[in-house]
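Hydrogens, waters and symmetry mates are skipped; everything else that's a heavy atom, side chains included, is used.
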Amino acid sequence: MQNRIESLDEDLSDLKPKAWKAKLADLAEENGLYQELGPRHFATFIDHGNTLLVTFETVQGIQNLSEQAQPLGFDLVRNQGWSHLCVVSDGDTWFRDENVYAFFDQLDDDGFFEEFDNVVFYGAGPCGYAAAAFSVAAPGATVLAIQPQATLNPRITEWDDRFVEMRRMSFTDRYGYAPDMIDGADHAFVVYDPYEPLDAMHAALFARPNVTRLRMPFMGTAVQTRLIEMEIFYTLLTQVGSGALSEASFYQLTRARRNNGGYLKRLMAQLDNQERPYLVALLCRNVTSRLRAPRFRRRLQGLQKRSAAGDFPWPAER
């Protein structure tokens, strides 16, 4: 078994699209199975441990987020000994495809998910929608969805104008309305930035007794990328898989944002919009005391000049 898992270390980043897909299929068949799901979807399964991670990913996301152009779950297979089912789409499809429905129907009929002690469904954005929607096939699973859409049915979410090209796609048939599909989950965690209004509105639709909504202010529209940058993404997934994730542990993990440039810049922009130079000065002083941050240092110098000119009182040193 160890040799089989070591085969997942192969770097796929230099391969062209057809060769990349063929190699990924070979790796999956060597360690589990590979299945085509129509022209825009396919699935890989790595059979290893008693915890199953089910991820929904796009071809483009895999190639952009992974240095080795591998699905996100491969690291957890190698390091945690998990099994991994990855359902992949070419582009953002929200996995609204009869072939995908039939695949999960078959897994359900075969009792596939019952073979594992723990099952975790994961995705972000359109893939977060899919993680929630298809988790209904594995009652008792845990769901981690980052910035998921609840549905793109315009009768419910006509206020979301980001994906108007998808409005003719049916979100009212099988595996349709994601918040209803998580009713059978043991628990679901929905991560979002409350200052991104459309994401926050979708997150509100997931309000259920078995759902914990986790706020990550000033993370912007790419929360998954920020989690990876902060090197807490895999720890987060590991906590979900072991049943250890809570609000307290999540917010302890996300203290890493204090060193994330994107977060700090958005926080400063928010304080600027609120015209609160005193708080901006406190922020800049804190950041420059801990990090090499030329932008914040220049801003701090400018604020010192404004304070000396009487614009606002300078914060006392602690």
Trainee: Could you go step by step and tell me if N259 and L291 meet the side chain to side chain contact (heavy atoms under 4.5 Å, CB included) rule?
Mentor: CA-CA 8 Å; N259 298 326; L291 305 172; 3.6 Å; yes
Trainee: Anything under 3.5 Å between a donor and an acceptor, one on a side chain of residues 221-228, the other on a protein residue two or more places apart or in another chain? List them.
Mentor:
| unit_1 | atom_1 | unit_2 | atom_2 | d |
| --- | --- | --- | --- | --- |
| Q224 | OE1 | Y122 | OH | 2.5 |
| R226 | NE | E229 | OE1 | 2.9 |
| R226 | NH2 | E229 | OE2 | 2.8 |

Trainee: Tell me if a side-chain donor or acceptor on S307 pairs with a main-chain N or O of L303 at a distance below 3.5 Å.
Mentor: no
Trainee: Has E57 got a side-chain atom pairing as donor or acceptor with Q70's backbone, closer than 3.5 angstrom?
Mentor: no
Trainee: Measuring from D92:CG to E165:CD, what's the distance to the nearest 0.5 Å?
Mentor: 9.0 Å
Trainee: Are F113 and F121 close enough that their ring centers fall under 6.0 Å?
Mentor: yes
Trainee: Side-chain heavy atoms nearer than 4.5 Å, only ILVMFWY residues, links allowed to pass through others: does that put L12 and V87 together?
Mentor: no
Trainee: What's the spacing between I232 CD1 and L237 CG if we round to 0.5 Å?
Mentor: 11.0 Å
Trainee: Taking all heavy atoms of F206 and all of Q149, pick out the closest pair and write down the distance.
Mentor: CZ-O, 3.8 Å
Trainee: Is L37 reachable from F56 through a run of hydrophobic residues whose side-chain heavy atoms are each under 4.5 Å from the next?
Mentor: yes
Trainee: Under a 4.5 Å cut-off applied to non-hydrogen side-chain atoms, are W94 and M166 in contact?
Mentor: yes
Trainee: Using a 3.5 Å distance criterion without hydrogens, assess whether the side chain of W82 forms a donor-acceptor pair with backbone atoms of G241.
Mentor: no
Trainee: For a quick test of reading the model, state the closest non-hydrogen atom pair linking F95 to C127 and the distance between them.
Mentor: CE1-SG, 3.8 Å
Trainee: Check whether more than 12 heavy atoms from other residues, nucleotides or ligands sit under 6.0 Å from atom NZ of K265, and answer yes or no.
Mentor: no
Trainee: Does any part of the side chain of R299, heavy atoms only, come nearer than 4.5 Å to the side chain of D272, both counted from C-beta?
Mentor: yes
Trainee: Quick one: are L85 and L52 in side-chain contact, heavy atoms under 4.5 Å?
Mentor: yes
Trainee: With a 6.0 Å cut-off on the ring centroids, do Y175 and Y101 count as close?
Mentor: yes
Trainee: Closest heavy-atom contact between A132 and A178?
Mentor: CB-CB, 3.9 Å
Trainee: How long is the span from the CD atom in Q35 to the CZ atom in F45, to the nearest 0.5 Å?
Mentor: 12.5 Å
Trainee: Measuring from atom CG of N153 to atom CD of E158, what distance do you get when rounded to the nearest 0.5 angstrom?
Mentor: 10.0 Å
Trainee: With distance as the sole criterion, is a donor-acceptor pair present between the side chains of N50 and E115 under 3.5 Å?
Mentor: no
Trainee: Would a distance-only check, ignoring hydrogens and angles, find a side-chain to backbone donor-acceptor pair under 3.5 Å from R257 to T254?
Mentor: yes
Trainee: Do L152 and P126 have side chains that get closer than 4.5 Å, going by heavy atoms?
Mentor: no
Trainee: Are there more than 12 heavy atoms of other residues, nucleotides or ligands under 6.0 Å from atom CZ of R290?
Mentor: yes
Trainee: Determine, stepwise, if the pair F250 / M216 fulfils side chain to side chain contact (heavy atoms under 4.5 Å, CB included).
Mentor: CA-CA 10 Å; F250 176 80; M216 288 197 73; 3.5 Å; yes
Trainee: Answer whether the closest heavy-atom distance between the side chains of R174 and D105 falls below 4.5 Å.
Mentor: yes
Trainee: Can you establish whether the number of heavy atoms outside E231 located under 6.0 Å from its atom CD is more than 12?
Mentor: no
Trainee: Nearest heavy-atom pair of L72 and Y234: which atoms, and what distance?
Mentor: O-CE2, 3.2 Å
Trainee: Answer yes or no: is there a donor N or O on one side and an acceptor on the other, between the side chain of Y251 and the main chain of R215, under 3.5 Å?
Mentor: yes
Trainee: Side-chain heavy atoms under 4.5 angstrom apart, residues restricted to Ile, Leu, Val, Met, Phe, Trp, Tyr: same cluster for M268 and F312?
Mentor: yes
Trainee: Any side-chain donor paired with an acceptor under 3.5 Å for Q60 and N64?
Mentor: no
Trainee: Between CG of L205 and CG of D180, what distance do you get to the nearest 0.5 Å?
Mentor: 10.5 Å
Trainee: Side-chain heavy atoms nearer than 4.5 Å, only ILVMFWY residues, links allowed to pass through others: does that put L53 and F116 together?
Mentor: no
Trainee: For V211 and V143: C-alpha separation, side-chain torsions, deciding distance, then whether side chain to side chain contact (heavy atoms under 4.5 Å, CB included) applies.
Mentor: CA-CA 9 Å; V211 175; V143 179; over 6 Å; no
Trainee: Would you check if V136 and F104 make a side-chain contact, meaning some heavy-atom pair closer than 4.5 Å?
Mentor: no
Trainee: With hydrophobic residues grouped by side-chain heavy-atom distances under 4.5 Å, do I156 and I182 end up in a single group?
Mentor: no
Trainee: Just checking, any donor-acceptor pair under 3.5 angstrom between side chains of T157 and H202?
Mentor: no
Trainee: If every non-hydrogen atom of G128 is compared with every non-hydrogen atom of A145, which pair is closest and at what distance?
Mentor: O-CB, 3.8 Å
Trainee: Answer yes or no: does atom CZ of R276 have more than 12 heavy-atom neighbours from other residues, nucleotides or ligands under 6.0 Å?
Mentor: no
Trainee: Between D193 and R266, is there a salt bridge with N-O shorter than 4.0 Å?
Mentor: no
Trainee: If I take atom CD from residue E247 and atom OG1 from residue T212, how far apart are they, to the nearest 0.5 angstrom?
Mentor: 5.5 Å
Trainee: Using a 4.5 Å cut-off on heavy atoms from C-beta on, say whether the side chain of E36 contacts that of Y34.
Mentor: yes
Trainee: Report yes or no: does D11 contribute a side-chain atom to a donor-acceptor pair with the main-chain N or O of S13 at less than 3.5 Å?
Mentor: yes
Trainee: Which atom names give the shortest non-hydrogen contact between A281 and W314, and what distance separates them?
Mentor: CB-CZ3, 3.9 Å
Trainee: Hey, is the main chain of D90 close enough, under 3.5 Å, to the side chain of T58 for a donor-acceptor pair?
Mentor: no
Trainee: Does S242 reach the main-chain N or O of Q239 with its side chain, forming a donor-acceptor pair under 3.5 Å?
Mentor: yes
Trainee: Tell me whether N210 contacts the main-chain N or O of A185 through its side chain, where contact means a donor paired with an acceptor under 3.5 Å.
Mentor: yes
Trainee: Taking the side chain as everything from C-beta on, heavy atoms only, tell me whether H41 gets closer than 4.5 Å to S89.
Mentor: yes
Trainee: Pick one: which of V100, V54, L107 meets side chain to side chain contact (heavy atoms under 4.5 Å, CB included) with F134?
Mentor: V100
Trainee: Can you pull the side-chain hydrogen bond (donor to acceptor under 3.5 Å, both in side chains) pairs that have at least one residue in residues 124-145, sequence neighbours excluded?
Mentor: R96-Y129
